[in-house]
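Below you'll find the structure, written out as structure tokens, and then a few comments.
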Amino acid sequence: MADTQYILPNDIGVSSLDCREAFRLLSPTERLYAHHLSRAAWYGGLAVLLQTSPEAPYIYSLLSRLFRAQDPDQLRQHALAEGLTEEEYQAFLVYAAGVYSNMGNYKSFGDTKFVPNLPKEKLERVILGSKAAQQQPEEVRELWQTCGELMFSLEPRLRHLGLGKEGVTTYFSGDCTMEDAKLAQDFMDSQNLSAYNTRLFKVVDQEGKPHYEVRLASVLNTDPALDSEVTYKLKNYEFQGSHFQVTRGDYAPILQKVVEHLEKAKAYAANSHQEQMLAQYMESFTQGSIEAHKRGSRFWIQDKGPIVESYIGFIESYRDPFGSRGEFEGFVAMVNKAMSAKFERLVASAEQLLKELPWPPAFEKDKFLTPDFTSLDVLTFAGSGIPAGINIPNYDDLRQTEGFKNVSLGNVLAVAYATKREKLTFLEEEDKDLYIRWKGPSFDVQVGLHELLGHGSGKLFVQDEKGAFNFDQETVINPETGEQIKSWYRSGETWDSKFSTIASSYEECRAETVGLYLCLNPQVLEIFGFEGADAEDVIYVNWLNMVRAGLLALEFYTPEAASWRQAHMQARFVILRVLLEAGEGLVTVTPTTGSDGRPDARVHLDRNKIRSVGRPALERFLRRLQVLKSTGDVVAGRALYEGYAAVTDAPPECFLTLRDTVLLRKESRKLIVQPNTRLEGSEVQLVEYEASAAGLIRSFCECFPEDGPELEEVVTQLATADARFWRGSMEAPAGQA
């Protein structure tokens with residue numbers, strides 16, 4: 001059997017998203033709007049299969065054929081007859097649920113591969129003897145032959161997402177290296193071309209010269225059927241001795257479905273902002289234009305306080321090994337009015353709270369653009385995983401001048417982060433009951449501060465294409481050096497493109513640190529309804545949760561590559577290091593032996609030193625993070641951040657040894673079962689499923705009732721069309737699975 005790092009356990013937590021009451025309160029028109037937006041999101045989410053691994057589309061299609069022909073209960077009878085035990089069949093259900101939940105065979109949180117926890121030959125018997133195989137023997141056998149070896153293989157390079165020899169990615173062809181990624185980014189910067197909706201494919205000619213294809217995601221292909229801001233860029237280029245070609249048409253048939261449902265949703269929009277937003281999204285996905293998506297995002301920002309909230313596109317760059325390409329996601333949600341009222345009060349206090357942050361006014365935006373901040377109950381979240389909160393759009397230019405929106409996903413928080421006392425690791429006994437009591441409320445506070453005043457704060461110093469600066473070169477002083485500003489962002493450069501591989505984690509660290517720093521403010525706690533001893537407990541558990549999370553983060557560090565696989569967890573480890581460095585016994589991490597005789601550890605936070613020792617340490621660190629970000633000082637920024645992110649076995653903590661303990665006692669991230677919406681006549685019904693692996697599988701099998709087989713054909717055809725780019729570099733040796 002596989003190493004436990006690479007399997008999902010049979011007892012993995014599974015929870016259902018509850019949005020019944022919020023959906024009930026929608027009007028018939030709002031339900032139709034939400035339904036078609038959900039359809040667009042689910043269709044677009046299929047692109048994530050093609051953004052993850054070469055085999056993911058085939059695994060998805062194989063599983064979907066199996067469970068469409070026989071539901072999990074029916075297939076169980078066949079599997080047991082083929083010789084599987086109940087445990088082995090449950091392991092298969094958990095694996096299938098994991099593939100659907102992550103939209104691929106790599107964990108969305110940690111980028112680690114997971115494999116079925118049963119013998120390959122047993123699964124092969126189940127698949128080839130299934131009803132699906134009886135109905136379509138050639139197709140099912142071909143799918144199995146295409147993905148079976150890779151499904152099980154744990155060859156070193158295949159264990160994690162990564163670039164070049166470090167892992168698997170389909171954002172780049174298999175022979176691309178980090179040097180290729182950097183060259184391509186420089187090329188795209190030179191052409192003012194965003195990487196968000198692109199993939200990079202490399203071919204080396206007979207003379208050894210590399211040829212790069214930068215492919216944009218769009219319905220239209222290279223033929224300039226319609227004149228747009230994109231078509232004139234679809235051509236060949238010579239850049240720094242290499243050949244580049246900009247093309248489009250990636251995920252075309254998938255995006256066609258997205259556009260069709262956005263068009264249908266537009267008929268039920270509540271106002272002109274929503275209509276124009278959807279029109280621009282349609283333009284973006286049709287043409288391959290990020291500029292159109294930015295325009296749509298402007299209308300989205302202006303659509304204040306909608307009953308049905310949504311966002312869709314190539315958004316987060318966490319899983320691109322270079323940190324520039326966006327994974328497709330789409331969400332649809334309804335407003336939770338009670339919690340939103342608290343967030344509105346936080347927004348009203350934001351300008352005052354920004355003054356509390358430890359950097360000079362010149363390093364803050366010229367004007368705070370008051371954002372929407374709502375608590376939402378998620379109806380649909382298509383992509384590789386569901387976050388707790390979001391601050392979008394991610395476009396630097398919009399964030400600096402137009403603003404942003406914050407959302408806290410209330411029904412996700414309610415189920416995804418709940419913890420049972422007996423499963424609490426690495427805490428002292430006397431902390432556990434307090435932690436259980438206050439983790440949820442403290443997390444609400446942290447998410448609010450993280451999204452609004454973390455991601456929403458800070459200014460980037462920019463010189464535009466005309467040479468004009470957005471700061472006064474003569475008067476603005478770097479508080480770290482006492483000198484004038486010596487570096488900044490030039491036209492075409494963005495935070496992601498400049499800081500690339502550390503950009504996401506660095507920014508998450510900055511936002512998390514802002515949350516810890518500002519939660520000490522009594523005004524913030526009063527907004528959320530906490531005063532006196534309760535307020536102190538919220539502060540303590542918020543800090544304690546971050547310290548514990550920093551230790552748990554070691555699961556997502558790969559010693560062999562000396563690299564981190566998850567931006568948020570790397571950020572939390574960095575904060576733990578900062579607090580440990582503060583000294584004076586503020587934080588300690590002590591190896592122990594558990595009651596089961598196996599290695600264990602305990603984290604301790606001295607609550608009496610949070611303000612006197614912890615706050616000054618975070619203040620110094622946070623100021624440095626912001627100054628280096630504002631000035632675009634990549635060299636110093638990397639040195640600072642990578643220094644804290646380094647994992648060694650140096651005493652007293654011995655983090656590499658502690659990592660083994662963390663892996664020994666890790667708890668897998670929960671799987672989330674989402675509902676579907678179904679159009680019956682002119683009415684939209686909500687369809688809910690049980691909180692189990694089988695329930696999650698059923699929810700996905702019923703997600704595409706009209707065109708499931710067609711979509712499976714589409715994703716496998718798209719994968720096959722590009723398979724040559726990974727052939728040889730990714731194949732699992734026979735017998736190595």
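Remember, predicted model here, so these are calculated numbers, not experimental data. Atom set for the values below is all heavy atoms of this structure, side chains included, hydrogens, waters and symmetry mates excluded.
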To the nearest 0.5 angstrom, please state how far the [atom1] atom of [X] sits from the [atom2] atom of [Y].
X: L379; Y: L37; atom1: CG; atom2: CG; answer: 9.5 Å
X: S101; Y: M103; atom1: OG; atom2: CE; answer: 9.0 Å
X: D707; Y: K257; atom1: CG; atom2: NZ; answer: 4.0 Å
X: E155; Y: L150; atom1: CD; atom2: CG; answer: 10.0 Å
X: S173; Y: R727; atom1: OG; atom2: CZ; answer: 13.0 Å
X: L25; Y: R20; atom1: CG; atom2: CZ; answer: 13.0 Å

Once you measure the plane-to-plane angle for [X] and [Y], does it fall in the parallel (<30°), tilted (30-60°) or perpendicular (>60°) bin?
X: Y251; Y: F314; value: parallel
X: H261; Y: H35; value: perpendicular
X: F109; Y: F556; value: perpendicular
X: F704; Y: Y43; value: tilted

Can you confirm whether the side chains of [X] and [Y] place a donor and an acceptor under 3.5 Å from each other?
X: N10; Y: Q90; value: no
X: Q287; Y: R248; value: yes
X: T112; Y: Q5; value: no
X: N676; Y: Y689; value: yes
X: R65; Y: Q136; value: yes

Minimum heavy-atom distance D722-F201, with the two atoms named: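 Looking at all heavy atoms of both residues, the shortest contact is OD2-CZ, 4.2 Å.
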Over all atoms of both residues, closest heavy-atom pair of L50 and A719: CD2-N, 3.8 Å
With heavy-atom distances below 4.5 Å as the criterion, would you say the side chains of [X] and [Y] are in contact?
X: Q674; Y: I386; value: yes
X: I307; Y: M334; value: no
X: K264; Y: R39; value: no
X: V415; Y: L17; value: yes

Whether N102 side chain and G104 backbone form a donor-acceptor pair below 3.5 Å: no
Side-chain (H78) to main-chain (I127) donor-acceptor, under 3.5 angstrom: no
Residue that, paired with F700, satisfies ring pair (Phe, Tyr, Trp, His ring centres under 6.0 Å) out of Y60, F67, Y100: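 It is Y100; the other options fail the test.
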Passing candidate, side-chain contact (heavy atoms from CB on, under 4.5 Å) with I390, options L376, L409, V447, N406: L409
Derivation of the salt bridge (Lys or Arg N to Asp or Glu O under 4.0 Å) call for E555 and R669: CA-CA 12 Å; E555 175 191 343; R669 195 171 174 86; over 6 Å; no
Flag if over 12 foreign heavy atoms under 6.0 Å of CD, E680: yes
More than 12 heavy atoms from other groups under 6.0 Å of CZ on F114: yes
Check ion pair R565-D111 (N to O, under 4.0 angstrom): no
